[in-house]
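Just below is one structure, and these are the notes that go with it.
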2 protein chains.
Amino acid sequence: MGGAKGKTREAIADAAASLFASNGYAATSVREIAREAGADPAMVIRHYGSKEELFLHTMQVQPGDALRFDEPWNTLGIRIVEYVLDADDRLRSVYLELIRGSDAGRIGTALSAAHEDNFVAPLVAVLPGPDAELRARLVAAMVGGLMYALWIVEDETLARTDRADVIARYAPALQGLITPDPAL
Amino acid sequence: MGGAKGKTREAIADAAASLFASNGYAATSVREIAREAGADPAMVIRHYGSKEELFLHTMQVQPGDALRFDEPWNTLGIRIVEYVLDADDRLRSVYLELIRGSDAGRIGTALSAAHEDNFVAPLVAVLPGPDAELRARLVAAMVGGLMYALWIVEDETLARTDRADVIARYAPALQGLITPDPAL
DNA sequence: GTCTATAATTGGATAGAC
DNA sequence: GTCTATCCAATTATAGAC
């Protein structure tokens with residue numbers, strides 16, 4: 001882990017990230033990754049063992065991508081919606097490709113882990129009140145729903161809708177699960 | 001369209017539906033479908049033109065699967081959540097495989113169409129009040145979120161949670177978008 | 001560490017006899 | 001309508017020279 005030793009190794013990872021993001025897992029070949037990286041197909045396997053390993057190594061939610069759940073609860077719904085709306089292309093494609101590849105055992109596991117680590121667990125940790133775990137899991141589901149509509153179904157009308165309007169309508173639904181409901 | 005003429009044709013469709021549902025699009029081969037149907041691989045192509053055509057022909061939301069949107073609005077949120085929770089294996093796998101295959105052009109289009117025809121359009125038609133289209137699209141997103149959490153991520157904890165509790169927590173969020181908000 | 005060459009499979013789809 | 005035989009393209013992954 002140091003210096004310029006793994007130059008081609010990094011080039012392969014970069015090329016893979018770019019191609020997996022653009023064309024998806026199935027449509028990206030090891031040959032194509034090697035060509036893009038200026039390396040040899042054999043090196044791709046030599047460095048990462050298999051195409052799936054390389055995919056899992058590359059398509060990960062980075063530490064910097066994580067949403068902060070430690071600020072005031074009464075605006076958390078808004079911040080969560082903004083997190084999805086403001087996601088950059090890389091983060092977006094990571095989730096998108098994990099979802100699309102979720103039938104392959106390891107990739108499905110990686111998606112479950114990302115969902116659990118990045119949304120469910122932090123939410124469970126901060127949510128006050130009863131049924132915290134259930135509410136956290138349903139909030140996480142709603143986040144997934146926004147990703148689903150915008151990134152998978154590609155609801156263009158929704159994507160073109162004024163950002164503030166989407167937040168004004170969707171965030172309260174999240175907030176309703178975040179703020180403990182005395183009546184329930 | 002009658003009689004016992006297309007016997008193998010139907011056998012192929014049935015085998016394809018079963019295999020696509022169990023193993024997904026990519027992992028299912030034309031040869032396997034033929035074997036399961038007791039037919040010849042060539043017949044699969046002869047009848048349906050291509051594997052993708054067969055997939056699109058097979059993995060469709062049937063008329064009987066459709067949710068009714070014409071009953072009283074104040075319980076629509078509950079009925080929508082129940083629709084997802086009560087979905088049978090076939091309907092579930094149709095959505096699941098459309099989502100997973102959504103990077104292939106035609107399949108992605110089919111998913112968008114199913115989403116639009118089965119959720120967004122009927123909702124827009126019945127929702128009263130302002131921003132009906134935006135609210136309909138966000139309700140559809142929430143439905144997708146529940147599918148996402150239960151079927152793609154396979155949140156086992158959520159799946160094991162008491163049905164009534166899930167409804168009690170998630171349906172109000174949908175209902176909040178369905179019932180016009182005078183303050184907005 | 002790197003590359004050439006190729007193994008070993010598998011896939012979808014077609015041609016043409018019956 | 002049906003089946004036999006096969007084509008052709010593409011894949012991941014490996015073996016072994018340099």
Side-chain angles (χ1 to χ4, degrees), chain A residues 1-59 97 100-108 110, chain B residues 1-59 97 100-108 110:
Chain A
M1 266 149 145
K5 213 43 170 314
K7 204 184 72 178
T8 64
R9 189 187 159 90
E10 273 184 36
I12 288 170
D14 289 348
S18 169
L19 288 168
F20 283 142
S22 310
N23 309 328
Y25 179 73
T28 300
S29 71
V30 172
R31 283 173 166 78
E32 197 178 359
I33 293 168
R35 193 157 39 76
E36 177 89 2
D40 190 272
M43 297 312 298
V44 175
I45 302 297
R46 186 162 189 87
H47 277 298
Y48 292 96
S50 73
K51 179 183 169 182
E52 185 174 315
E53 286 293 326
L54 175 56
F55 180 83
L56 290 170
H57 182 267
T58 305
M59 306 302 274
E97 297 308 327
R100 285 182 173 152
S102 61
D103 58 335
R106 306 273 307 270
I107 297 176
Chain B
M1 269 140 153
K5 213 44 171 312
K7 203 185 73 176
T8 63
R9 188 186 158 90
E10 273 183 36
I12 287 169
D14 289 347
S18 168
L19 288 168
F20 284 143
S22 311
N23 309 328
Y25 178 74
T28 301
S29 71
V30 172
R31 284 172 168 83
E32 195 179 0
I33 293 169
R35 193 158 40 76
E36 177 90 1
D40 191 273
M43 298 309 299
V44 175
I45 302 298
R46 187 162 188 87
H47 278 299
Y48 293 95
S50 72
K51 178 183 169 182
E52 185 174 315
E53 287 292 326
L54 175 56
F55 181 83
L56 290 171
H57 181 268
T58 303
M59 306 302 276
E97 295 308 327
R100 286 183 172 151
S102 61
D103 58 335
R106 306 271 306 270
I107 298 176

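Protein chains get the first letters and strands the later ones, always in sequence-line order, with residue 1 at the start of each.
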Quiz prompt | Listed partners of E52(A) passing salt bridge (Lys or Arg N to Asp or Glu O under 4.0 Å), at least two apart | solution =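 For E52(A) there are no salt bridge (Lys or Arg N to Asp or Glu O under 4.0 Å) partners, ignoring immediate neighbours.
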Please state how far atom [atom1] in [X] lies from atom [atom2] in [N], giving the value in whole angstrom units.
{"X": "M43(B)", "N": "dA5(D)", "atom1": "CE", "atom2": "C1'", "result": "16 Å"}
{"X": "K7(A)", "N": "dG1(C)", "atom1": "NZ", "atom2": "P", "result": "13 Å"}
{"X": "R35(A)", "N": "dT11(D)", "atom1": "CZ", "atom2": "P", "result": "10 Å"}
{"X": "N23(A)", "N": "dA10(D)", "atom1": "CG", "atom2": "P", "result": "15 Å"}
{"X": "I12(A)", "N": "dG1(C)", "atom1": "CD1", "atom2": "P", "result": "11 Å"}

Quiz item: Can you list the residues that meet the side chain to side chain contact (heavy atoms under 4.5 Å, CB included) rule with A110(B), with sequence neighbours excluded?
Solution: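 Once residues adjacent in sequence are excluded, the partners of A110(B) under the side chain to side chain contact (heavy atoms under 4.5 Å, CB included) criterion are L56(B), L98(B).
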List the atom pairs, donor and acceptor, that lie under 3.5 Å between side-chain atoms in residues 31-49 of chain B and the rest of the protein, sequence neighbours left out.
from, atom 1, to, atom 2, distance (Å)
D40(B), OD1, A42(B), N, 2.8
Y48(B), OH, R9(B), O, 3.1

Quiz item: Quick one: what's the B/S/- string for nucleotides 12-18 of chain C, heavy-atom cutoff under 4.0 Å, read 5' to 3'?
Solution: BSB----
Practice problem: Taking all non-hydrogen atoms of both residues into account, name the closest pair between T58(A) and A13(A) and its distance. | Solution: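 That closest heavy-atom pairing would be CG2-O, 3.9 Å.
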Exercise. Heavy atoms only: give me the nearest S102(B)-R100(A) pair and the separation to one decimal.
Key: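 Closest approach of S102(B) to R100(A): OG-NE, 3.0 Å.
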Quiz item: Are H47(A) and dT2(C) close enough that a side-chain N or O sits under 4.0 Å from OP1 or OP2?
Solution: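 It does, given that an N or O in the side chain of H47(A) lies less than 4.0 Å from OP1 or OP2 of dT2(C).
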Practice problem: Verify the contact: side-chain N or O of T8(B) to OP1 or OP2 of dT2(D), cut-off strictly under 4.0 Å; return yes or no. | Solution: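 Yes, because at least one side-chain N or O of T8(B) sits under 4.0 Å from OP1 or OP2 of dT2(D).
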Quiz item: Please, which pairs that meet side chain to side chain donor-acceptor pair (under 3.5 Å) have at least one residue in residues 17-29 of chain A, sequence neighbours excluded?
Solution: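 Every candidate side chain to side chain donor-acceptor pair (under 3.5 Å) pair involving residues 17-29 of chain A fails, so no pair, neighbours aside, qualifies.
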